[in-house]
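These notes are about the structure you will find just below.
What you see below is based on every heavy atom in this structure, not just the backbone, and it leaves out hydrogens, waters and symmetry mates. In what follows, every chain begins at residue 1, and chains take the letters A, B, ... in the order their sequences are listed.
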Protein chains: 2
Amino acid sequence: MAEPHWRERKKAQTRQRLQEQASRLFIERGYDATTVEQIAAAAGVSHMTFFRYFPTKEDAVLSDSYDPLLVAAIQARPRSEHPVVRIHAAVREGLGAIYAADREALLVRVRLTLRTPALRARLWENQVATRELLAGALVDGEPDFATRILASACLATLTSALEEWVATDGSAELPHLIDDAFAVLREGWRP
Amino acid sequence: MAEPHWRERKKAQTRQRLQEQASRLFIERGYDATTVEQIAAAAGVSHMTFFRYFPTKEDAVLSDSYDPLLVAAIQARPRSEHPVVRIHAAVREGLGAIYAADREALLVRVRLTLRTPALRARLWENQVATRELLAGALVDGEPDFATRILASACLATLTSALEEWVATDGSAELPHLIDDAFAVLREGWRP
DNA sequence: CGACCTCCTGTTAGTCACTAACATGTTAGC
DNA sequence: GCTAACATGTTAGTGACTAACAGGAGGTCG
């Protein structure tokens, strides 16, 4: 049971190479103009290997590993706080960290995602998945109707902030936009 | 220049026939298991004609004509009311009318849309478009950041209600769910 | 009436994402 | 070494969608 990491490491490398080449090509010549064949070739594998690593072409960009971060950040918040406040704080923390570490990469990625029709199409699934995770992080057991609604509204708010960020081409500060957005959601009810 | 209506009428008929056959086949044998070729054949045309009427296979189901209704309903509300109240009222009115007239058809349609991955994928585009319309109906000129956020949150709320409706398989009353959902959005801030 | 002219449609032949079946080489454990 | 497991490649599909061209049916104008 030596568990030689050799093998796994090689797989991880191939996976990363595919992702890098995909991003590069998507940015260089556009998403639609890039074929899976080309990505695979650029990474030195066949197109079948690509599909063994990513179920669809879109997944080469949309391997969202932020969700666990968010869940942890929510659960770290005292349960006595209002759900929306917990989500707001968690988002500011989680995305804030990524933002601080990797601002430009995040911008490129979000822009590509929001501006490419084929990638936008996947956003719904992502939103639903993230919403379920958020809602699940807020309570024990199955989240109820009300919890899902609040999680939805918060996600919509966050998305609006991201859209605004991309619309300003990253010139605004994302954490600031997020705070503004959640303030609107809150103050919207106390006019 | 007479351009007799029967020409347009024939086109409208073909279009409707395509939509009907598409819906029928999608429900009978599933969305993915139905090919455009089959839809076209069932409607008595070629697959090229199908694509001349609908840009994609999904559009045969997703010809959403509710939006103008919603816009009108919003604008009919006094501008002094809070944006979210206006949207809530408009949605209850607009969707309520469709619900009263065509409950079963609405359920089938919403269920098909929410449960078919390929159709869900299109929902993001629909949401964005509807949000822009809602936001535009709330104010004069270009909606600002805050308005878009509120419109987003309201749409997310409405969507949650529709999902709940489908989840209960239509056993709940949709208008009631919508009222509940908006109440959560409102009361969520006054715990 | 006959010669255009304009839509609408069908035919054909492609591209590309994605899948399934099978073959091959490479490694792990005995 | 031998064998089983596994990563990868090859090949041959299916199906959505597109482009190029051909024909036909209605209306117009000489």
Per-helix bend value, the helix from C:dC1-D:dG30 to C:dC30-D:dG1, C1' rotation axes over five pairs per end, 10° rounding, shows 10°

side-chain hydrogen bond (donor to acceptor under 3.5 Å, both in side chains) filter on A:Ser160, not counting sequence neighbours, yields B:Ser152

Across all chains, not counting sequence neighbours, the side chain to side chain contact (heavy atoms under 4.5 Å, CB included) partners of B:Pro55 are B:Asp59

Contacts of A:Glu28 meeting salt bridge (charged side-chain N to carboxylate O under 4.0 Å, His left out) (sequence neighbours excluded), chain-then-number -> A:Arg24

Looking at A:Glu163 and B:Arg148, does any basic side-chain N land under 4.0 Å from a carboxylate oxygen?
no

What residues 43-50 of chain B contributes to the DNA chain D interface at heavy-atom separation below 4.0 Å is B:His47, B:Met48

- Taking only Lys NZ, Arg NE, NH1 and NH2, and the carboxylate oxygens of Asp or Glu, determine whether A:Arg79 and A:Asp140 approach each other closer than 4.0 Å. yes

A:Asp59 atom CG is separated from C:dT19 atom P, nearest whole Å, by 11 Å

To the nearest angstrom, the CZ-C1' distance between A:Arg52 and D:dT10 comes to 10 Å

From CZ of A:Phe51 across to P of C:dC16 the rounded distance in Å is 13 Å

B:Lys57 NZ to D:dT18 P, in whole Å, measures 14 Å

Between NZ of A:Lys10 and P of C:dA28 the distance, given in whole Å, is 11 Å

Tracing side-chain contacts under 4.5 Å among Ile, Leu, Val, Met, Phe, Trp and Tyr outward from A:Val108 reaches A:Ile27

Residue pairs meeting ring pair (Phe, Tyr, Trp, His ring centres under 6.0 Å), one or both in residues 88-136 of chain A, sequence neighbours left out, come to A:His88-A:Phe182, A:Tyr99-A:Trp165

For A:Leu133, the side chain to side chain contact (heavy atoms under 4.5 Å, CB included) test, sequence neighbours excluded, returns A:Asp67, A:Val71

Indicate whether OP1 or OP2 belonging to C:dT9 is found under 4.0 Å from a side-chain N or O atom of B:Tyr53. yes

Sorted by chain and residue number, the side-chain hydrogen bond (donor to acceptor under 3.5 Å, both in side chains) partners of A:Thr159 (sequence neighbours excluded) come out as A:Gln127

Numerically ordered, the residues 13-42 of chain B set in heavy-atom contact under 4.0 Å with DNA chain C is none

Hits for salt bridge (charged side-chain N to carboxylate O under 4.0 Å, His left out) against B:Glu20, two or more places apart or cross-chain, chain-then-number order -> none

Connected to B:Phe26, directly or through other members, by ILVMFWY side-chain contacts below 4.5 Å are B:Leu18, B:Leu25, B:Tyr31, B:Val36, B:Ile39, B:Val45, B:Phe50, B:Phe51, B:Tyr53, B:Phe54, B:Val61, B:Leu62, B:Leu112, B:Leu119

Closest of D:dC17, D:dA7, C:dT9 to the A:Lys11 side chain is D:dA7

